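A short worksheet on the structure shown next.
In what follows, residues are counted from 1 in the order of the sequence shown. Counting starts at 1 for both ligands and their atoms, following the listed order. In this text the structure is predicted, and so the values were computed from the model without any measurement. Excluded from the calculations below are hydrogen atoms, water molecules and symmetry mates; all remaining heavy atoms, backbone and side chain alike, are included.
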Amino acid sequence: MSDLRDLYQEVILDHNKRPRNFRVIDPHSHKADGFNPLCGDRVTVFLDVQDNIITDVAFQGNGCAISSASASLMTEALKGKPVAEVEKLFQNFHDVVTGESEPSASLGKLAVLAGVRDYPSRVKCATLAWHAVRAALENRTETVATE
Ligand code: ZN
C-alpha cells in the first residue's frame with residue numbers, strides 16, 4: 001500500500017508542477033469561477049460544449065498542490081465526455097475523497113486523490129474545480145465558494 005501511496009503522490013506532484021489544460025478557452029460556451037476560502041484556492045474553469053459533449057475543458061487560477069492537481073486531472077477526465085456524465089463522475093469522486101466509498105475502475109486516474117480522505121480539510125481543495133464546472137454547466141455566474 002505504501003508503494004501505491006508513493007505513486008499517487010508522484011502523480012499529484014506531477015500534475016501540480018505541469019498542470020494539463022492550464023489555459024483559457026476563447027471563445028468558450030461555459031465558464032465559472034471557484035474560491036475555497038479555507039485554503040485560498042482560486043480556479044476559473046472554461047468549457048466548450050457541443051451537442052452535449054464536452055469537446056474542450058481547461059482551467060486557470062492558483063492554489064495549493066491538491067487543488068491544482070485535482071483541476072488538472074479533472075480536465076483530463078472530462079474531455080470528450082457527455083455533459084450528462086459529469087454529475088455521476090463528480091458524485092463518485094466526491095464519495096471517494098470523503099471516504100464514503102472505495103475508488104472503482106470507473107474513476108480512472110482521479111483515484112490518485114483518494115488519500116485526501118485522511119485530511120478532511122483538503123476535501124474542499126480537491127473538489128473546488130468540480131464545483132466550478134457544475135456551476136459553469138448550470139450557467140451560474142457568481143463565484144462558487146466551497147463554504
Ligand atoms: Zn487548497
>> Would you say the ring centers of Phe22 and Phe59 fall short of 6.0 Å from each other?
In response: yes
> Who pairs with Asp14 by salt bridge (charged side-chain N to carboxylate O under 4.0 Å, His left out), at least two apart in sequence or on another chain?
Replying inline: Arg18, Arg20
> In a check of side chain to side chain contact (heavy atoms under 4.5 Å, CB included) between Gln50 and each of Ile53, Ile54, Asp48, Asn52, which one passes?
Replying inline: Asp48
Please table the atom pairs, donor to acceptor, closer than 3.5 Å between any side-chain atom in residues 122-132 and protein atoms at least two apart or in another chain.
| unit_1 | atom_1 | unit_2 | atom_2 | d |
| --- | --- | --- | --- | --- |
| Thr127 | OG1 | Val123 | O | 3.0 |

> Looking at residues at least two apart in the chain, or sitting in another chain, which of them share a salt bridge (charged side-chain N to carboxylate O under 4.0 Å, His left out) with Asp56?
Replying inline: Arg23, Lys79
>> Give me the number of protein N, O or S atoms whose distance to the Zn ion (ligand 1) is under 2.8 Å.
In response: 5
>> Whether the Ser72 and Asn21 side chains hold a donor-acceptor pair (N or O, under 3.5 Å, no angle test) is what I'd like checked.
In response: no
